[in-house]
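Numbered from 1 within each chain, the chains take letters A, B, ... in sequence-line order. Note that this is a predicted model, so its numbers are computed, not measured.
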2 protein chains.
Amino acid sequence: MRKEEADRILALLKSEGKRLTAKRALVYQVIQESESHLPAEEIYLRAKALNPNISLSTVYRTLNILKDLGLVRELHLDEEHHHYELVEGSAHYHMICSQCGKIEEFKSELVDKLAEELEKKYGFETKSIHIDFVGLCADCRNKT
Amino acid sequence: MRKEEADRILALLKSEGKRLTAKRALVYQVIQESESHLPAEEIYLRAKALNPNISLSTVYRTLNILKDLGLVRELHLDEEHHHYELVEGSAHYHMICSQCGKIEEFKSELVDKLAEELEKKYGFETKSIHIDFVGLCADCRNKT
DNA sequence: GTCTCTGCAAACTGTTTGCAGGTAC
DNA sequence: GTACCTGCAAACAGTTTGCAGAGAC
């Protein structure tokens, strides 16, 4: 983790009377280093590979803290468990292949237009947006 | 339930070697008569009010059957349990108020445009779309 | 009469929590 | 030294399932 990143997290944690421990930093690092969203179990396994002493409870507790601090986002995709990813500058959404299970990300300015439309039409003030397109990815379409 | 509707469901169930029982019809009816999506527990309570003998297991089993038959859709909103709604002609999406919890529906042609964009750009073939905007509804904005 | 349905209780999955010892500051 | 942090096991919520009796056709 970069120094300024650690400092930012440390400041956020301190503002809530919490501490930055090695295990918390590890959970954050695992999420950060993954290319996309991970389920809690997978975060646990990857963290455990780096520090065998970490427990699943700690992973969950840390995820909730990071979520509350606004550093990590919890995704409710079409599955029974949640996925977690870093909250970063630019928002993105998901294309989920119902055949192979692959999840790809996309961005589109149409989404911002949609938010504007909801503001105008319903007076709704958007804070966050979840979009999942479920269907067939290009690979699976070609196979059939 | 209208006669042709019952016939349609009956045919679908029969094609899978299943029966149309009073309790299954009841679960379908509850979902149909509700204005929007309901959690399983709420479907159970409403069904129980009409037939006190129904059990939560039966509700869940029926929901899974209706889901498999394509009659009912399971929604994974930003909550710990699922919601269920009828699969009808026109798709719609959700605005969730993070303050009062109210969930409103919306439709927009921008969504179809987005699907087209994904098809062109990534070769993704869309089968279903889930969109949730989380934020403040007009009422809650006015209150603050 | 056969095969499906159903209620009940128990199991199961993902997640949270109480507690007692360990650790950061 | 005083919080806060952590692992463990137990608890929890939502959902599924095995079984034996009830019901549909």
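For the OP1/OP2 pair of D/dT15 and a distance below 4.0 Å, the side-chain nitrogens and oxygens of B/H82 include at least one atom meeting the criterion. Residue A/R24 places at least one side-chain N or O closer than 4.0 Å to OP1 or OP2 of D/dT6.
Every residue was checked against the ring-ring contact (aromatic ring centres under 6.0 Å, His included) condition with B/Y60, not counting sequence neighbours, and none meets it. For A/K113, there are no side chain to side chain donor-acceptor pair (under 3.5 Å) partners at least two apart in sequence or on another chain. Not counting sequence neighbours, the partners of A/Y44 by the side chain to side chain donor-acceptor pair (under 3.5 Å) test are A/K48. With sequence neighbours excluded, the residues satisfying ring-ring contact (aromatic ring centres under 6.0 Å, His included) with A/H76 are A/H82.
For the pair B/I54 CD1 and D/dA22 C1', the interatomic distance rounds to 15 Å; values are reported in whole Å. The distance from atom CG of B/L38 to atom P of D/dT15 is 13 Å, rounded to the nearest whole Å. Atom OH of A/Y44 is separated from atom P of D/dT6 by 14 Å (rounded to the nearest Å). Rounding to whole angstrom units, NZ of residue B/K23 and C1' of D/dG23 are separated by 9 Å. Summarising the geometry, the separation between CG on A/L10 and P on D/dC4 is reported as 16 Å, rounded to the nearest angstrom. Separating the CD atom of A/E16 from the C1' atom of D/dC4 is a distance of 14 Å, rounded to the nearest angstrom. In this entry the distance linking NZ of A/K48 with P of D/dT6 reads 15 Å, nearest Å. As rounded to whole Å, 16 Å separates atom P of D/dG14 from atom CG of B/L75.
Each of B/R61 and B/E80 lies near DNA chain D, and the nucleotide nearest B/E80 is the one positioned closer to the 5' end. Taking for each of A/T58 and B/A40 the nucleotide of DNA chain D with the nearest heavy atom, the 5'-most of the two is the partner of A/T58.
Counting only distance, with no hydrogens or angles, the side chain of B/R141 and the backbone of A/G123 share a donor-acceptor pair below 3.5 Å.
No side-chain heavy atom of B/H94 sits under 4.5 Å from any side-chain heavy atom of B/V134. No side-chain heavy atom of A/L86 sits under 4.5 Å from any side-chain heavy atom of A/L71.
At a cut-off of 3.5 Å, with distance as the only test, a side-chain donor of A/E85 or A/H92 sits close to an acceptor on the other residue.
Among the heavy atoms of the strands lying under 4.0 Å from A/S57 is at least one base atom, whether or not backbone atoms are also near.
Aromatic ring centroids of B/F106 and B/F133 lie under 6.0 Å apart.
For A/K18, the side-chain atoms get nearest to D/dC5 when compared with the rest of D/dG7, D/dC5, D/dT15.
From one end of the helix from C/dG1-D/dC25 to C/dC25-D/dG1 to the other, with five pairs defining each end axis, the axis direction shifts by 30° (rounded to 10°).
If you walk DNA chain C from 5' to 3' and mark each nucleotide with an atom closer than 4.0 Å to a heavy atom of chain A, the marks span C/dG14 to C/dA24.
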